[in-house]
Amino acid sequence: MYVGALELDVLLGDVHSLKEKRSLVRPVVAELRRRFEVAVSEAGHLDLHRRSLIGVAAVAADLEHVRDVLAGCERLVAGRPELELLSARTRFVGPEDD
């Protein structure tokens with residue numbers, strides 16, 4: 001079993017409130033969950049209205065599948081015009097990590 005975690009630090013466009021932030025972040029989180037069948041959540045920068053840290057996790061029997069899924073998630077977020085992807089950090093845990 002392999003587990004992959006992806007942290008996406010994003011800058012939001014013309015946002016002036018936490019309510020506006022939620023209206024941009026929630027659809028992205030929902031689309032990631034729906035398209036890639038991953039666990040995903042807004043996991044950081046909760047009190048900042050122009051920044052968000054989106055956390056994504058995937059589990060599979062094959063490391064390459066986990067890599068491909070997380071890379072697809074990163075591409076989806078990077079391609080959203082209302083977001084600017086500042087950084088992406090990926091980590092993997094597998095059977096050899098005991």
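By convention here, the first residue in the shown sequence is residue 1.
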Heavy-atom check, side chain of [X] versus side chain of [Y], under 4.5 Å:
X: Phe92; Y: Val66; result: yes
X: Val56; Y: Phe36; result: no
X: Leu53; Y: Leu8; result: no
X: Glu20; Y: Arg22; result: no

Rounded distance (nearest 0.5 Å) linking atom [atom1] of [X] with atom [atom2] of [Y]:
X: Leu76; Y: Glu74; atom1: CG; atom2: CD; value: 11.0 Å
X: Ile54; Y: Leu32; atom1: CD1; atom2: CG; value: 6.5 Å
X: Leu24; Y: Lys19; atom1: CG; atom2: NZ; value: 13.0 Å
X: Leu6; Y: Cys73; atom1: CG; atom2: SG; value: 6.5 Å
X: Thr90; Y: Glu7; atom1: OG1; atom2: CD; value: 9.0 Å
X: Leu83; Y: Asp9; atom1: CG; atom2: CG; value: 11.5 Å

Taking it one step at a time, do His16 and Asp14 satisfy side-chain hydrogen bond (donor to acceptor under 3.5 Å, both in side chains)? CA-CA 7 Å; His16 301 287; Asp14 189 28; 2.7 Å; yes
For the side chain to side chain contact (heavy atoms under 4.5 Å, CB included) test, which of Val25, Val10, Val28, Leu12 pairs with Glu82? Val28
Is a side-chain donor or acceptor of Lys21 paired with a backbone partner of Arg50 at a separation under 3.5 angstrom? no
My understanding is that only residues two or more places apart in sequence, or in another chain, count here; which of them pass side chain to side chain donor-acceptor pair (under 3.5 Å) with Asp62? none
With salt bridge (Lys or Arg N to Asp or Glu O under 4.0 Å) as the criterion, how do Glu42 and Arg26 come out once you've worked through the C-alpha distance, each side chain's angles and the decisive distance to 0.1 Å? CA-CA 8 Å; Glu42 183 178 9; Arg26 278 188 180 164; over 6 Å; no
Here the pair of heavy atoms bringing Ala43 nearest to Gly55 is CB-N, 4.2 Å
Ala57 and Val38 have their tightest heavy-atom pair at O-CB, 3.4 Å
In terms of hydrophobic clusters joined by side-chain contacts under 4.5 Å, are Val3 and Leu70 together? no
From CA spacing to verdict: side-chain contact (heavy atoms from CB on, under 4.5 Å), Tyr2, Arg67: CA-CA 10 Å; Tyr2 293 91; Arg67 285 185 202 271; over 6 Å; no
